[in-house]
**Q** 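So that we are looking at the same thing, I have put the structure below in structure tokens.
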Amino acid sequence: MKTEVIRITKENLQETCSLAAKLIRQGELVAFPTETVYGLGGDALNKEASQKIYAAKGRPSDNPLIAHIADMDMFDDICDEIPKEARMLAKEFWPGPLTMILRKKDIVPKETTGGLDTVAVRMPDNQVALELIRQSGTPIAAPSANTSGRPSPTSAEHVYEDLNGRIPMILDGGDVIIGIESTIIDLSGKVPTILRPGYITPRDIERLIGPIRSEKSVQSLKDGQAPKAPGMKYRHYAPKAELILVSGERAAVVEKINNLAAEQKEKGINVAILCTDESTGEFPGVYVRSLGSRNIEEEIASNLFSALREFDETDAQVIYSECFEGDEFCDAIMNRLLKAAAHRVIKA
């Protein structure tokens with residue numbers, strides 16, 4: 001299969017989305033930008049299209065897909081028993097990086113929901129994404145447009161790197177803005193529960209609907225239990241090299257990483273470092289990649305996945321990374337790093 005990459009401009013937006021929407025209606029797949037990461041889209045109401053998404057990504061079929069919508073009519077079309085809290089959150093945060101899990105209507109096939117009776121829904125804050133959904137005339141199921149387990153794509157180039165030859169079209173809308181996936185909140189039970197942290201923080205949500213549970217209080221999945229949201233069960237975001245996080249006070253972390261790097265180099269193992277601008281010059285003799293200033297969390301988030309992909313272009317066998325502690329948005333950044341590192345953390 002030949003994969004066509006089309007750069008989106010103001011002049012060709014309508015025409016290009018029309019071509020892409022035709023593919024969606026035919027049950028084919030199209031990768032497109034959102035404000036968070038690039039998505040791999042197919043008709044959320046077409047079980048064969050959802051199966052193609054799993055196949056293209058190499059994604060386990062019990063890992064639910066998110067249905068992307070363009071208006072509130074689509075929300076009502078696919079969700080049953082929509083609580084008032086969901087409408088409050090939609091009014092405040094949609095379009096935007098918030099995904100809500102609700103009871104689904106029968107129109108949504110279980111191939112889209114990972115076999116569950118719930119569906120994850122969001123309205124992306126991206127002109128290309130919204131135009132594609134409108135012209136397709138259907139909600140679009142779209143996980144991140146990468147092969148399963150790889151760092152999520154924040155540019156069309158990342159998508160092409162992973163999915164060239166697997167899908168017919170990539171819509172190139174440039175680099176994304178946020179750079180990590182949406183916050184996911186489960187509203188299908190008695191207590192609203194954050195299943196994946198993101199740009200929209202628990203504090204933002206509690207301000208509107210009152211107390212919620214966060215991911216930190218959610219128990220790990222038991223054997224055989226299906227995940228209710230993407231990213232709960234399987235390893236995600238991983239570079240090819242082994243990633244190890246080092247936590248503690250900044251000076252101690254720098255010293256610990258330098259000692260570990262020296263030990264690895266003595267064994268002939270190539271080392272790379274993931275850090276911030278504030279400590280870039282403190283790791284001599286190794287490949288260093290900064291995520292930006294520690295004081296600008298949005299910059300760190302937007303650079304995270306592209307940095308993890310860059311390490312794959314080096315000869316690094318082990319990557320040591322600083323940890324990020326601070327407000328609730330730092331929790332979202334650490335959530336991705338911990339999964340990429342398979343929760344390997346060393347105390348400095």
Side-chain angles (χ1 to χ4, degrees), residues 34-37 39 44-45 64-108 112-114 116-127 129-134 138-143 176-218 227-232 297-298 301 326-333 335:
T34 76
E35 78 279 24
T36 57
V37 298
L45 308 184
L65 307 176
I66 295 175
H68 291 63
I69 61 174
D71 55 51
M72 294 303 292
D73 287 340
M74 286 186 179
F75 194 34
D76 290 318
D77 288 343
I78 64 175
C79 293
D80 197 12
E81 303 175 8
I82 301 176
K84 67 178 186 302
E85 289 85 358
R87 298 196 185 277
M88 293 168 64
L89 291 171
K91 183 178 181 181
E92 178 74 10
F93 297 118
W94 281 358
L98 179 69
T99 294
M100 292 186 268
I101 295 177
L102 299 163
R103 295 288 172 183
K104 77 177 187 69
K105 288 185 176 178
D106 290 341
I107 192 174
V108 184
T112 297
T113 65
L116 300 174
D117 292 322
T118 54
V119 60
V121 189
R122 92 174 185 97
M123 188 185 298
D125 188 11
N126 179 281
Q127 185 179 8
L130 291 172
E131 185 63 28
L132 175 62
I133 299 166
R134 292 189 192 103
T138 182
I140 292 181
V176 304
I177 297 172
I178 294 177
I180 60 174
E181 302 87 348
S182 60
T183 304
I184 298 179
I185 183 167
D186 182 8
L187 296 171
S188 66
K190 293 182 179 179
V191 181
T193 304
I194 297 288
L195 300 184
R196 182 176 73 188
Y199 187 80
I200 306 298
T201 68
R203 188 181 299 110
D204 295 330
I205 294 171
E206 287 185 326
R207 177 171 50 84
L208 286 180
I209 66 172
I212 61 175
R213 287 197 303 165
S214 68
E215 186 201 46
K216 291 180 180 179
S217 62
V218 176
K228 294 195 73 173
M232 290 184 66
E297 293 161 0
E298 291 81 2
D327 63 16
E328 291 175 333
F329 191 36
C330 273
D331 291 342
I333 296 169
N335 171 271

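The basis for the numbers below is simple: all heavy atoms, side chains too, and nothing from hydrogens, waters or symmetry mates.
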**Q** Rounded at 0.5 Å granularity, tell me how far NZ in K91 sits from CE in M72.
**A**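 Rounded to the nearest 0.5 Å, the NZ-CE separation comes to 11.0 Å.
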**Q** Using 4.0 Å as the upper bound for N to carboxylate O, is an ion pair formed by R134 and E131?
**A**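 Salt bridge between E131 and R134, a charged N being under 4.0 Å from a carboxylate O: yes.
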**Q** Restricting to non-hydrogen atoms, name the atom on A142 and the atom on H68 that form the minimum distance, rounded to 0.1 Å.
**A**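 The answer is O-CE1, 3.1 Å.
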**Q** How about I101 and L187: do any of their side-chain heavy atoms sit closer than 4.5 Å?
**A**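 With C-beta onward as the side chain, the pair stays apart.
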**Q** Can you find a heavy atom in the side chain of T113 that is under 4.5 Å from one in the side chain of L65?
**A**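 No, side chains not in contact.
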**Q** Contact between I205 and I185 at the side-chain level, heavy atoms closer than 4.5 Å - yes or no?
**A**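 They are in contact (side-chain heavy atoms under 4.5 Å apart), so the answer is yes.
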**Q** Which atom names give the shortest non-hydrogen contact between T34 and A129, and what distance separates them?
**A**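 Nearest pair, atom of T34 first, then A129: CG2-CB, 4.4 Å.
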**Q** Check A141 against T112 and note the closest heavy-atom contact, atom names and distance.
**A**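 Of all heavy-atom pairs spanning A141 and T112, the closest is CB-CG2, 4.1 Å.
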**Q** Are any side-chain N or O atoms of E35 and backbone N or O atoms of D125, one a donor and one an acceptor, separated by less than 3.5 Å?
**A**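 Yes; at least one donor-acceptor contact below 3.5 Å.
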**Q** Work out which heavy atom in A44 is nearest to a heavy atom in A67; give both atom names and the distance.
**A**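 Closest approach of A44 to A67, heavy atoms only: CB-CB, 4.2 Å.
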**Q** Working to the nearest 0.5 Å, report the span between CG of D80 and OG1 of T118.
**A**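 Rounded to the nearest 0.5 Å, the CG-OG1 separation comes to 12.0 Å.
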**Q** So, the side chain of D76 versus the backbone of D73: is there a donor-acceptor pair under 3.5 Å, distance only?
**A**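 Checking the backbone N and O of D73 against the side chain of D76, no donor-acceptor pair under 3.5 Å is found.
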**Q** Nearest 0.5 angstrom please: N126 CG to I177 CD1, how far?
**A**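 Rounded to the nearest 0.5 Å, the CG-CD1 separation comes to 7.5 Å.
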**Q** Output yes when a side-chain donor or acceptor of T201 lies under 3.5 Å from a complementary backbone atom of Y199, and no otherwise.
**A**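 A pair under 3.5 Å: no.
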**Q** Can you tell me if E298 uses its side chain to pair, donor with acceptor, with the backbone of I178 under 3.5 Å?
**A**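 The answer is no, because no donor-acceptor pair under 3.5 Å joins these two groups.
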**Q** Would you say I78 and V121 make side-chain contact, with heavy atoms under 4.5 Å?
**A**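 The answer is yes, as the side chains (C-beta and beyond) meet within the 4.5 Å cut-off.
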**Q** Could you tell me which non-hydrogen atom of A86 sits nearest to which non-hydrogen atom of F75, and how far apart they are?
**A**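 That closest heavy-atom pairing would be CB-CZ, 4.3 Å.
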**Q** Walk me through whether S182 and I66 qualify under side-chain contact (heavy atoms from CB on, under 4.5 Å).
**A** CA-CA 10 Å; S182 60; I66 295 175; 4.3 Å; yes
**Q** For the residue pair F93 and D204, establish whether any side-chain heavy-atom pair is separated by less than 4.5 Å.
**A**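 Result yes, sub-4.5 Å side-chain heavy-atom pair found.
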**Q** Is it the case that the side chain of T183 and the backbone of I200 share a donor-acceptor pair, with hydrogens and angles ignored and the cut-off at 3.5 Å?
**A**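 Checked: pair present.
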**Q** Is it true that E81 and K105 have a side-chain N and a carboxylate O under 4.0 angstrom from each other?
**A**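 No, no charged N to carboxylate O under 4.0 Å.
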**Q** Counting only heavy atoms not in E92 (residues, nucleotides, ligands), do more than 12 fall under 6.0 Å from its CD?
**A**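 Counting other residues, nucleotides and ligands, CD of E92 exceeds 12 neighbours.
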**Q** When rounded to the nearest 0.5 angstrom, what distance separates CG in D117 from CG in D106?
**A**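 So the CG of D117 and the CG of D106 are separated by 9.0 Å.
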**Q** Starting from the C-alpha separation in whole Å, work towards a yes-or-no answer on side-chain contact (heavy atoms from CB on, under 4.5 Å) for D186 and R213.
**A** CA-CA 10 Å; D186 182 8; R213 287 197 303 165; over 6 Å; no
**Q** Can you measure from CE (M100) to CD1 (I82) and round to the nearest 0.5 angstrom?
**A**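 The CD1 atom of I82 is 8.5 Å from CE of M100, to the nearest 0.5 Å.
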**Q** Are E297 and C330 packed together at the side-chain level, in the sense that at least one heavy-atom pair is separated by less than 4.5 angstrom?
**A**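 Yes - at least one pair of side-chain heavy atoms lies under 4.5 Å apart.
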**Q** State, to 0.1 Å, how close L208 and L89 come at their nearest heavy-atom pair, and which atoms those are.
**A**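 Where L208 meets L89 most closely, the heavy atoms are CD1-CD2, 4.0 Å.
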**Q** I need the R203 CZ to F329 CZ distance, nearest 0.5 Å.
**A**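 These two atoms lie 13.5 Å from each other.
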**Q** Start with the C-alpha distance between I212 and I194, add both sets of side-chain angles, then the distance that settles side-chain contact (heavy atoms from CB on, under 4.5 Å), and finish with yes or no.
**A** CA-CA 7 Å; I212 61 175; I194 297 288; 3.6 Å; yes
**Q** Taking side chain as C-beta onward, heavy atoms only, is T36 less than 4.5 Å from R122?
**A**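 Yes. Closest side-chain heavy atoms under 4.5 Å.
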**Q** Does the side-chain contact (heavy atoms from CB on, under 4.5 Å) test come out yes or no for K84 and I209, once each step is laid out?
**A** CA-CA 9 Å; K84 67 178 186 302; I209 66 172; over 6 Å; no
**Q** Within the structure provided, determine whether V108 and L45 are in side-chain contact (heavy-atom separation under 4.5 Å).
**A**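 The answer is yes, as the side chains (C-beta and beyond) meet within the 4.5 Å cut-off.
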